[in-house]
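Heads up: the structure comes next, in structure tokens.
The basis for the numbers below is simple: all heavy atoms, side chains too, and nothing from hydrogens, waters or symmetry mates.
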There are 2 protein chains.
Amino acid sequence: MAHDDLPHGTLTCGECPIRHRAVCARCEPTELGELERIKYYRSFEAGQTVIWAGDQMDFVASVVSGIATLTQTMEDGRTQMVGLLLPSDFVGRPGRARAAYNVIATTDILMCCFRRKPFEDMMERTPHLAQRLLQMTLDELDAAREWMLLLGRKTAREKIASLLSIIARRDASVNMMPSIGRMSFDLPLTREAMADYLGLTLETVSRQISALKREGVIELAGKRHVTVPDMDRLMFEAGDDSDGGLVG
Amino acid sequence: MAHDDLPHGTLTCGECPIRHRAVCARCEPTELGELERIKYYRSFEAGQTVIWAGDQMDFVASVVSGIATLTQTMEDGRTQMVGLLLPSDFVGRPGRARAAYNVIATTDILMCCFRRKPFEDMMERTPHLAQRLLQMTLDELDAAREWMLLLGRKTAREKIASLLSIIARRDASVNMMPSIGRMSFDLPLTREAMADYLGLTLETVSRQISALKREGVIELAGKRHVTVPDMDRLMFEAGDDSDGGLVG
DNA sequence: CGTAATTTTGAATCAAATCAAGAAGGGTGG
DNA sequence: CCACCCTTCTTGATTTGATTCAAAATTACG
């Protein structure tokens, strides 16, 4: 069973691991108390579908732990990932009754859910909530636009290198490490999920990972553990501008 | 010269054509007065660059009339459009001092600019502004995710059909017409801009437009005026789900 | 009316997809 | 503990859709 260390319903906002990054980050103690009253926890196992696109959605939520994906599907089954949800990320849209995307748990996942109507009401009254959600949404929009450049203009090799460097840097930021020089991390996605992220087939993903390994850009231990001997080299392969980019 | 009908600096919020859709849509008369004091108008001619990515940006703005694009560029010149700015759309990000993308005027354009610092200060105090900007940003994020599916998984033919149906439907909504049956509209983009939108080359854009014309999905009068005899047929070619999709 | 910019079309090439086996893990039950 | 199965991943051969390179046609414009 997942998350026995985070017993459902007994976690208070004060002890919440994502307290300072989630939609509630700017809330004051009184406001937290109000959230506390409308919140409840739900957990899903790896592989489970949290919500289907088009389904009634009577809650919004924060990812507390684990990873989920947002995907869009065409009738013939082609699927494109359009969001990767990490701890502290927000799911759902205030004011929208139906889910726009499929949400699928990639790992075991714990979500802090708020009943939608009370949450919407509270947003009207609580600028701190709306302000934080705005900031998070603007960040997501920036990420989506970076992703659009990747999907529209990068080669398969550049796409893989970009994804690896995104994961490496995210991992470093969580662990408060600098993302330079030699780095190691686990891939949280299967080859197929990577393909859906990058707009490729899983065979192409596999081939390009093999190529980067063969050329020493990365090292693999098992299928999932990656070591990058030189981040600069990886960033170069990703085709990104060398300068650090934007600040949040 | 452009926009002699909208003399700079003399337009009041009360007579503004985008008043009800822009970031100020929810503002009350007092709040409008406050915006009025920090706003100024700037116009750009078709083809002009409004801002370069990385440039200092000491204002945010609403597009009053005309069309602009948001683009990202790689060092070797590959470019991807990541936003299409229409009247009432918002440019810039509160809290960010440097532009993240190139903004280029596609047609002659008029923008209602607000000095950034006063605007940010006002946002802190004015929930109506933050709420409206949140709503607009969530809409943009949805559009970006639809766009990601297009870039990652659609064929060239589907991409073109999708773009045409997006433009057709936008045009219809501006003119308060239903977007069914027979429709006519002008393309606001060159073949190259369409290619940058769709992640294709301009040759492929041209070929696919020719193919759709040959097969009677569209009719062309000149290079830019398009007639769609049957919107359902076009939607089918776009590969989108037949159901209408989401509401804003 | 001529010149530049944009668009169309053609032919050749190429990167990624598709089709098709195998190999490598990872977990289960005998 | 090992044999087996199922999923995930890798690799190979071939096809294909889109790009690239090249030239002609159309349109816009001074």
* **Pairwise 5' ranking along DNA chain C for A/Gly222 and A/Gln208, keeping only the more 5' one** => A/Gln208
Report yes if at least one side-chain N or O of [X] is closer than 4.0 Å to OP1 or OP2 of [N]; otherwise report no.
X        : N      : result
A/Thr204 : C/dA16 : no
B/Ser210 : C/dT9  : yes
A/Arg224 : D/dC9  : yes

Atom [atom1] of [X] and atom [atom2] of [N]: how far apart are they, to the nearest Å?
X        : N      : atom1 : atom2 : value
B/Arg78  : D/dT19 : CZ    : P     : 13 Å
A/Asp196 : D/dT8  : CG    : P     : 13 Å
B/Arg214 : C/dT7  : CZ    : C1'   : 15 Å
A/Ile218 : D/dT10 : CD1   : C1'   : 14 Å
B/Lys154 : D/dA18 : NZ    : P     : 13 Å
A/Leu220 : D/dC9  : CG    : P     : 11 Å
B/Leu202 : D/dA23 : CG    : P     : 17 Å
B/Leu198 : D/dA18 : CG    : P     : 12 Å

* Asked: Would you call the rings of A/Phe59 and A/Tyr40 parallel, tilted or perpendicular if under 30° counts as parallel and over 60° as perpendicular?
  -> perpendicular
* To do: Describe the nucleic acid contact of A/Leu200 in one word from base, sugar-phosphate, nothing, applying a heavy-atom distance below 4.0 Å.
  =>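 Sugar-phosphate, backbone atoms only, no base.
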* Looking at every strand, decide which applies to B/Gly47 at a 4.0 Å heavy-atom threshold: base, sugar-phosphate, or nothing. => nothing
* Asked: Can you name the side-chain hydrogen bond (donor to acceptor under 3.5 Å, both in side chains) partners of A/Thr69, sequence neighbours left out?
  ->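 Testing A/Thr69 for side-chain hydrogen bond (donor to acceptor under 3.5 Å, both in side chains), a comparison that skips the adjacent residues, returns none.
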* Distance-only donor-acceptor check, side chains A/Arg169 and A/Ser165, under 3.5 Å ->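 Present: a donor and an acceptor within the cut-off.
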* Asked: Side chain of A/Arg207, base of C/dT18: donor and acceptor closer than 3.5 Å?
  ->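 Under the 3.5 Å cut-off, the side chain and the base do form a donor-acceptor pair.
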* Check whether the side chain of B/Arg191 and the base of D/dT27 form a donor-acceptor pair under 3.5 Å. => no
* Of all the choices, C/dA16, D/dA22, C/dT18, which nucleotide is nearest to the side chain of A/Glu203 once you look at every atom? -> C/dT18
* Asked: Of the candidate nucleotides D/dA18, C/dT7, D/dT20, which contains the atom at the shortest distance from the side chain of B/Thr201?
  ->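 The answer is D/dT20, which lies nearest to the side chain.
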* To do: May I ask you to decide whether B/Glu219 forms a salt bridge with B/Lys213, counting only side-chain N to carboxylate O separations under 4.0 Å?
  => no
* Do NZ/NE/NH1/NH2 and the carboxylate oxygens of B/Arg93 and A/Asp139 come within less than 4.0 Å? ->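 Between A/Asp139 and B/Arg93 there is a salt bridge, with a charged N closer than 4.0 Å to a carboxylate O.
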